[in-house]
Number of protein chains: 2
Amino acid sequence: MNRKEQIREIAQTMFRERGYAATSMRDLATAVGIEAASLYNHIKSKEDLLKEICFDCADEFFEGIHKAKTAPMAPDAQLSLAIKEHIQVVANNLDGSAVFLHEWRFLTEPYLSEFKAKRKYYRLQFQQIIEKGISEGIFKPVDAKVYSLSILSALNWIYDWYKPEGELSPQALAAQFSYLILEGLNK
Amino acid sequence: MNRKEQIREIAQTMFRERGYAATSMRDLATAVGIEAASLYNHIKSKEDLLKEICFDCADEFFEGIHKAKTAPMAPDAQLSLAIKEHIQVVANNLDGSAVFLHEWRFLTEPYLSEFKAKRKYYRLQFQQIIEKGISEGIFKPVDAKVYSLSILSALNWIYDWYKPEGELSPQALAAQFSYLILEGLNK
DNA sequence: CCTACCGATCGGTAGG
DNA sequence: CCTACCGATCGGTAGG
């Protein structure tokens, strides 16, 4: 891992723990083990660091949803796969996901608009899977927008309580999520 | 509305929009229409403002869950009521809820620990309703902890996309949520 | 990668 | 509720 990657890893963790605005470049430099001024030999600016974290994480989510969306499966299996892929991205990168989900708002234009557009596109993929399931008659005729928002909302909070060292694997968690969403709680 | 209440309302909105750390007392004072120094005639400190917002919002959530938990109903109806109450708190106070959900981490001790304890207690109430439903045989034998976390996660993101001026009322949203969680997506 | 430093801004207080 | 101000800290640059 070169110094730039190291800076980014540590920044991810600090941005997650304290928030982007409350993390100073001096704090970051100290954690890395260099002087604040030296950071700028590796990065352009504080915001550039945030931008890279947010957009790289977005790419990971996109890869997952593309896999689910193009898989030759029925919509229920596609939805399960999309959930599994999403949870895997989060579980593999808890800090990056948390920054992606909460710190993006400190981006400035033009990145802010670009980021929002990506985020919306991602949600629409979930909505489309649900709509396909409804039109094929395997899902109940629900409000696909509200459902996609609700599902992603539940998924988006995982970084907040998921413990990688716990006994619940990402796969087991994904299976429970799919079951919850597809089958419901009632017997 | 006296000046103190006004400061608090505006602070709530600004803390939500920019985050606690990125909101300066000068920004807040300008929005209120006074000088920064004058804020301190009404509040003790920036953190005290945050503390009041977070704890008052916690009280609102507690009131709702207490109502649901003590209602003479079957667990499925209790869960629906708890969801409805939660959504109503969020919908009635979108800014305060967002601060409650995301900015509490800027609290310092002893408030931080107190806040975390309250948050955990709240989630446990949901878990207990689910456990009661399982033991009474009306819910599937799921992992009540994962399910309560998932349900609250979905509920906790509502402030992020709910538009009070839209056509979806809090009641209608609550009905959809309950249906999603109890009945699932599969036909 | 460092020392030295820039102008700007921070939360908050003194005193009226 | 204001003016005036405190020491601390911010992101970032110059120059080596």
Side-chain angles (χ1 to χ4, degrees), chain A residues 1-56 95 99 102-112 115, chain B residues 1-56 95 99 102-112 115:
Chain A
M1 193 161 66
N2 64 29
R3 186 115 275 184
K4 189 176 179 183
E5 287 164 357
Q6 187 200 1
I7 291 170
R8 197 202 140 125
E9 286 288 319
I10 294 174
Q12 231 166 231
T13 305
M14 294 182 83
F15 288 172
R16 182 224 176 134
E17 286 175 353
R18 324 184 179 189
Y20 175 77
T23 302
S24 77
M25 296 307 270
R26 282 161 180 80
D27 292 339
L28 176 57
T30 301
V32 173
I34 57 177
E35 290 301 317
S38 305
L39 288 171
Y40 293 91
N41 289 291
H42 305 283
I43 60 159
K44 279 200 290 196
S45 66
K46 188 184 181 188
E47 194 192 340
D48 201 65
L49 205 45
L50 177 65
K51 192 191 73 187
E52 286 191 17
I53 295 167
C54 288
F55 281 83
D56 286 359
D95 291 335
V99 173
H102 287 300
E103 309 301 328
W104 60 266
R105 60 191 169 137
F106 295 106
L107 290 170
T108 56
E109 297 296 354
Y111 306 111
L112 185 61
F115 184 87
Chain B
M1 193 163 65
N2 65 29
R3 187 114 276 185
K4 189 178 178 182
E5 287 164 358
Q6 187 201 0
I7 290 169
R8 198 202 140 123
E9 285 288 319
I10 295 174
Q12 230 164 230
T13 305
M14 294 182 83
F15 288 171
R16 182 224 175 133
E17 287 174 351
R18 323 183 180 192
Y20 175 77
T23 302
S24 76
M25 297 307 271
R26 281 160 181 80
D27 292 340
L28 176 59
T30 301
V32 173
I34 59 177
E35 291 300 318
S38 305
L39 288 172
Y40 294 90
N41 289 292
H42 306 283
I43 60 160
K44 278 199 289 191
S45 66
K46 190 185 180 188
E47 194 192 339
D48 201 65
L49 205 44
L50 177 65
K51 190 191 73 185
E52 284 192 16
I53 295 168
C54 288
F55 281 82
D56 285 0
D95 291 335
V99 173
H102 288 300
E103 310 301 327
W104 59 267
R105 60 191 169 136
F106 295 106
L107 291 170
T108 56
E109 298 295 354
Y111 306 112
L112 184 60
F115 184 87

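To find a chain, count down the sequence lines: A is the first, B the second, and so on, and within it residues start at 1.
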Result block: side-chain N/O donor-acceptor pairs under 3.5 angstrom for residues 14-22 of chain A, not counting sequence neighbours:
from     : atom 1 : to        : atom 2 : distance (Å)
Arg16(A) : NH1    : Asp95(A)  : OD1    : 3.1
Arg16(A) : NH2    : Tyr159(A) : O      : 2.8
Arg18(A) : NH1    : Asp27(A)  : OD2    : 3.0
Tyr20(A) : OH     : Glu47(A)  : N      : 3.1

Run the numbers on Glu52(A) and Lys4(A) for salt bridge (charged side-chain N to carboxylate O under 4.0 Å, His left out), then give the verdict.
CA-CA 12 Å; Glu52(A) 286 191 17; Lys4(A) 189 176 179 183; 3.5 Å; yes
For nucleotides 11-16 of chain D, read 5' to 3', which letter fits each nucleotide if B means a protein heavy atom sits under 4.0 Å from the base, S means only the sugar-phosphate is that close, and - means neither?
BBB---
Distance (rounded to the nearest 0.5 Å) between [X] [atom1] and [Y] [atom2]:
{"X": "Cys54(A)", "Y": "Leu112(A)", "atom1": "SG", "atom2": "CG", "result": "10.0 Å"}
{"X": "Ile7(B)", "Y": "Ile34(B)", "atom1": "CD1", "atom2": "CD1", "result": "5.0 Å"}
{"X": "Arg8(A)", "Y": "His42(A)", "atom1": "CZ", "atom2": "NE2", "result": "15.5 Å"}

Answer yes or no: are there more than 12 heavy-atom neighbours, outside Phe115(B) itself, under 6.0 Å from its atom CZ?
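Correct, the count exceeds 12.
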Reading DNA chain C 5' to 3', how would its secondary structure be written in dot-bracket notation, given Watson-Crick and G-U pairs with both distances under 3.5 Å, brackets [ ] for crossing pairs and | for partners on other strands?
||||||||||||||||
Rounded interatomic separation in angstrom, taking CG from Asp27(A) and P from dA8(D)
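Value for this atom pair: 17 Å.
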Length of the line joining Leu39(A):CG and dC1(C):C1', which is rounded to integer Å
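Leu39(A) atom CG is separated from dC1(C) atom C1' by 11 Å.
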Between the main-chain N or O of Asn2(A) and the side-chain N or O of Glu5(A), is there a donor-acceptor pair closer than 3.5 Å?
yes
Backbone N/O of Thr23(B) and side chain of Lys46(B): donor-acceptor pair under 3.5 Å
yes
